[in-house]
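Order of appearance sets the numbers: ligands from 1, and atoms from 1 within every ligand.
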Amino acid sequence: MIPPNSLHQLPKKNIFRKGDVFVLFGELFGRGYANGLVREARKAGMQIIGITVGRRDETNKLRPLTDDELASAESGLGGKIINVPLMAGFDLDAPDGEPTPTELLGTMTLKTWMEDRLDWTHIEKCRQVGVRRFQNSLGAVMSALDGMIGEGRNVFFAHTMAGGIPRAKVFLAIANRVYKGRGERFLSSQALVASDLGKLILQNFDEVSANTFQHLIEGSGSIRRRVEGSGGQVRYTAYGYHGTAILIGGSYQWQTYTNYTQGHAKIKLERIAQTAWADGIKATVYNCPEIRTNSSDIFSGVELPLIPLLHALRKEGGGPWAEAQWQACRDLLADGSSLEDVLQMVADFHDSEVSRGLRDFAAWPMPNSLALADLMLPTSDAIVQMHKDRSALITDLLSGLVIEATGPLIFFESSAPKSHVLWLNHDIVARQLNQLHS
Ligand SMILES: NC(=O)c1ccc[n+]([C@@H]2O[C@H](COP(=O)([O-])OP(=O)(O)OC[C@H]3O[C@@H](n4cnc5c(N)ncnc54)[C@H](O)[C@@H]3O)[C@@H](O)[C@H]2O)c1
């Protein structure tokens, strides 16, 4: 199946022009999705404004960026950064003098975590402290931003925040097993979400990856009303993930990386956009394909569905440029390894019974399984081994292409968005790339 709200037409409309304001709500990393959107905003001559999540000092206290950090972040973004820490989540928050959730997790061990219980009244107090801290900082960010948006300007808010993994030793060991463990080292994601530790983590994912979008929409309410009152328009976008339709056996089929524990937060993100949309606010979650970034590298195997993008490039009107991408991928492989072999390994993975069993849209996000780990992880490792250099992978090249395509897709679609949630599948990504390079 293909998700019903998939984008099938290349968007053309553009309401954003020189002097309009583009606000990146999250930090920009070299390999991150947001680079595609920032590039489009720059091309349109928009004023680019960013935020920072801040940094933690030796005592874990949140601080703004130093002058040097700020200068380097501003030069990376190509715009001004409002230097008020907007770290979301409550893993390091607590009422004064009381333990933070991360400190509580510090007493758990690999032997005890499944039975260890948390004091939920206390956790809720910590959550409220974290949310208040975020909202207060957001208030300061919004009043600074208000002064930077001139009369008659349109504003594009691009939310990119996702995360919330607490820095607790026990969880890092567990995450390693849930996402990378096979055989004896395999750990069930279901066991994790059933535990108090897992429930806490899901709450923190919600705060970082979903609720921040709500805070952004609410916190920018007075800016929105002022801009709209003077004839301007305001858009909100967020990056979602809810599986992707890719070419499997010659036709586009929805598939997903499993286990994506963060999926519950992504569903919440879609609902936040839906509620805003019902209130007449143009907020759209773009569900994007699997790529390799700083954030997704923890999910071994997430890159497998990216490789068939090569087939989509040919299917969607690919010419010499698409062929050049095939060749560039071939050039990354070691002698004796062929691109056809790599594509066949991915095709076999998607054709396996275990993969087929996961193509259940209604059941998303599904738990992991030993059978999946024992198939997906060796396939992922074997493909990496086939390269000349582990630091220059086919999936690095293809990730860059997906970022390049999603930039204009999201930027132009947001001028007249069709829905509060839209999937960007491999068909439209490939068509956009072929069009950009024709
Ligand atoms: N990589 C993928 O395969 C993929 C697929 C679909 C959607 N996405 C989404 O794209 C968006 C960007 O992710 P990316 O993969 O480009 O990685 P990235 O690492 O470049 O971006 C992660 C973003 O989250 C922010 N962030 C992290 N922890 C935070 C916290 N505690 N508080 C506030 N902000 C925090 C960072 O500042 C950064 O802007 C995310 O919403 C992600 O879920 C990624």
Distance-only donor-acceptor check, side chains N211 and K268, under 3.5 Å: yes

Going by distance only, is there an N or O of [X] that falls short of 3.5 Å from an N or O of ligand 1?
X: I291; answer: yes
X: K266; answer: yes
X: N294; answer: no
X: T293; answer: yes
X: G240; answer: no
X: A88; answer: yes
X: S295; answer: yes

Contact check, L86 vs ligand 1, heavy-atom distance below 4.0 Å: yes

Within-shell test, V208 vs ligand 1, heavy atom, strictly < 4.0 Å: yes

Test ring-ring contact (aromatic ring centres under 6.0 Å, His included) applied to W423 and H8, step by step: CA-CA 9 Å; W423 269 259; H8 291 299; over 10 Å; no

Mind checking whether [X] contacts ligand 1 via backbone (N, CA, C, O), side chain (CB onward), both or neither, at a 4.0 Å heavy-atom cut-off?
X: S209; answer: neither
X: V53; answer: side chain
X: S296; answer: side chain

Polar side-chain atom of R55 near backbone of L62 as donor-acceptor pair, under 3.5 Å: no

Chi angles and distances behind the salt bridge (Lys or Arg N to Asp or Glu O under 4.0 Å) call for D20, R235: CA-CA 12 Å; D20 283 347; R235 298 291 188 266; over 6 Å; no

Ring-ring centroid check Y236 F25, cutoff 6.0 Å: no

